[in-house]
Participant: 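If you scroll down you'll find the structure; I have some questions about it.
Chain naming here is simple, since letters A, B, ... match the order of the sequence lines and numbering starts at 1 in each.
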Protein chains: 2
Amino acid sequence: MAPAGLNMESISPLTLNRLSVYLRALRQLDEEGAKRISSREMANRFHLSAAQIRKDLAQFGELGIRGVGYEVAPLRHKLEDQLGLWREHRAVIVGAGNIGSALAQFPGLNSEHFRVVGLFDIDPGRIGAQVGRMKVRPSGDLAQIVRDHKVELGILAVPAEAAQENYDAMAEAGIRAVLNFAPVYLREKPEARVKNVDLMIFVEELAHHLG
Amino acid sequence: MAPAGLNMESISPLTLNRLSVYLRALRQLDEEGAKRISSREMANRFHLSAAQIRKDLAQFGELGIRGVGYEVAPLRHKLEDQLGLWREHRAVIVGAGNIGSALAQFPGLNSEHFRVVGLFDIDPGRIGAQVGRMKVRPSGDLAQIVRDHKVELGILAVPAEAAQENYDAMAEAGIRAVLNFAPVYLREKPEARVKNVDLMIFVEELAHHLG
DNA sequence: GATTGTGAATAGATTCACAGCT
DNA sequence: AGCTGTGAATCTATTCACAATC
């Protein structure tokens, strides 16, 4: 009997990130029409560890069938649930520069699970510009859009020096989670969790190996 | 006596990524005119762990002064050296869609340490388009540009289904390291190291916490 | 016979706490 | 007096290896 909802332990961040990887693999398998997959097959195919797949998945109950493997579609949906993808999340992007504009049109953020409902900037030269299917709005309209569309997710794509004030404004408007692309440490408020994404960390990791 | 160059141990990936974080902090301190900083001050200011800063830095010799702290400018340069930033690295970007075009104009990739020397696409509708200071070139010109500019770093910003063939072409052309933004597992060649960046992992991590 | 789920073993990372310098 | 560098202790993550199950 799988103790479905009563898991006290929170998922470790490393495991959580792997769930996203497994989910991507399962979606591909599902599209290919695969009905079942063993941890070994999945590990070989997507360059993962079979033991780790099993340990990670076992946290959510007995999801597999001994002697057989995992059923692709049900496992996919289980992982989507764990990742909060059982409902649509609305997002706004603040900063309509290159990165912000690219993210506004990013397929993953305009999918079944996420929807970008606003792209904001403070620069009058950008306000009103068409970016994909959206028009850039003045940052002053943020709070109203967040309220009207029940936005939970904010994406910060402003210069470093403007990041803290825009984060504060997002938190104030009721946003619950922020993905920060500005290369700066944000003083975090309890109501709005921050996840930093620093692209230079990836580039510098490669540069180190180049020597 | 610090055994400067004879470090046999390779740096762990977690430590390596923190070096980028420390470097960013040190640059800011340097610009502010700070001459010295203690691990404690740095930890408080940038929300890090003092013991971890010391452990990480101690790998590269006795960089600090007991009773005093670290000298900002020399430490900054030591970390830049460790991260391979003592010389300029040339990069090309393949895929001139939203993400590729944004990265072509990303300040970190057009800095003292990195330079984007080419932006490529296969779509005739994009070839010739002006993106920042660059014109989009046909992917067929990749090998020549890589050779002429001694390019070491490739950035893959093509759709998932085109990623493997473009990675192979990069490796073939002589590129040594690839930052892959396509959400797909690449069969890696020994001559061209891959670092995957999947933006959906970050978004889904936040979505999980939103529940 | 095959594969999961899992306790035990191993490996790796972080934090503690203090000796050693300045 | 204050801060680094570091061994020891702790905590976390991964891998192994096999009993349980289909």
Participant: Whole-Å distance between C/dA17 C1' and B/Q52 CD?
Facilitator: 17 Å
Participant: In whole angstrom, give the distance that lies between atom CD1 of A/I37 and atom C1' of C/dT3.
Facilitator: 13 Å
Participant: Can you check the A/K55 NZ to C/dT10 P distance for me, whole Å?
Facilitator: 15 Å
Participant: Which is more 5' along DNA chain D, the nucleotide nearest A/V68 or the one nearest A/S49? Just name the residue.
Facilitator: A/S49
Participant: With nearest nucleotides of DNA chain D determined for A/A51 and B/G67 from heavy-atom distances, which residue corresponds to the more 5′ nucleotide?
Facilitator: B/G67
Participant: side-chain contact (heavy atoms from CB on, under 4.5 Å) for B/E112 and B/E88? Distances and angles first, verdict last.
Facilitator: CA-CA 7 Å; B/E112 191 187 343; B/E88 185 188 80; over 6 Å; no
Participant: Classify the ring geometry of A/H47 against B/Y185: parallel below 30°, tilted from 30° to 60°, perpendicular beyond 60°.
Facilitator: parallel
Participant: Without decimals, in angstroms, what is the distance between B/Q59 CD and C/dT14 P?
Facilitator: 11 Å
Participant: How many whole angstroms separate atom OH of A/Y70 from atom C1' of C/dA2?
Facilitator: 13 Å
Participant: Rounded off to whole Å, could you give me the CG-to-P distance for the A/L57 and C/dT6 pair?
Facilitator: 12 Å
Participant: Ignoring hydrogens and angles, tell me if any N or O in the side chain of B/E62 forms a donor-acceptor pair with the backbone of B/A58 under 3.5 Å.
Facilitator: no
Participant: Provide the start and end nucleotides, 5' to 3', of the part of DNA chain D that has atoms under 4.0 Å from heavy atoms of chain A.
Facilitator: D/dA13 to D/dC22
Participant: Base, sugar-phosphate, or nothing: which does A/R18 touch, judged by heavy atoms less than 4.0 Å apart?
Facilitator: sugar-phosphate
Participant: Determine the contact category for A/T15: base if any of its heavy atoms lies under 4.0 Å from a base atom, sugar-phosphate if only primed atoms, P, OP1 or OP2 are that close, otherwise nothing.
Facilitator: nothing
Participant: Which whole-number value in Å describes the distance from B/N17 CG to C/dG12 C1'?
Facilitator: 16 Å
Participant: Here's a test of your reading of the structure: between B/R54 and B/S12, which maps to the more 5' nucleotide of DNA chain C?
Facilitator: B/S12
Participant: Roughly, in whole Å, what's the span from CG in A/D56 to P in C/dT4?
Facilitator: 13 Å
Participant: Determine whether a donor-acceptor pair (N or O, by modelled atom type, separation under 3.5 Å) exists between the side chain of B/D121 and the backbone of B/A96.
Facilitator: yes
Participant: Would you indicate whether the side-chain heavy atoms of B/R87 and B/H113 approach each other to under 4.5 Å?
Facilitator: no
Participant: Do you know which of B/N180, B/I155, B/V197, B/N17 makes side chain to side chain contact (heavy atoms under 4.5 Å, CB included) with A/F202?
Facilitator: B/V197
Participant: Can you find a heavy atom in the side chain of B/V68 that is under 4.5 Å from one in the side chain of B/R36?
Facilitator: yes
Participant: Considering only C/dA17, C/dT6, C/dA13, which nucleotide approaches the side chain of B/L14 most closely?
Facilitator: C/dA13
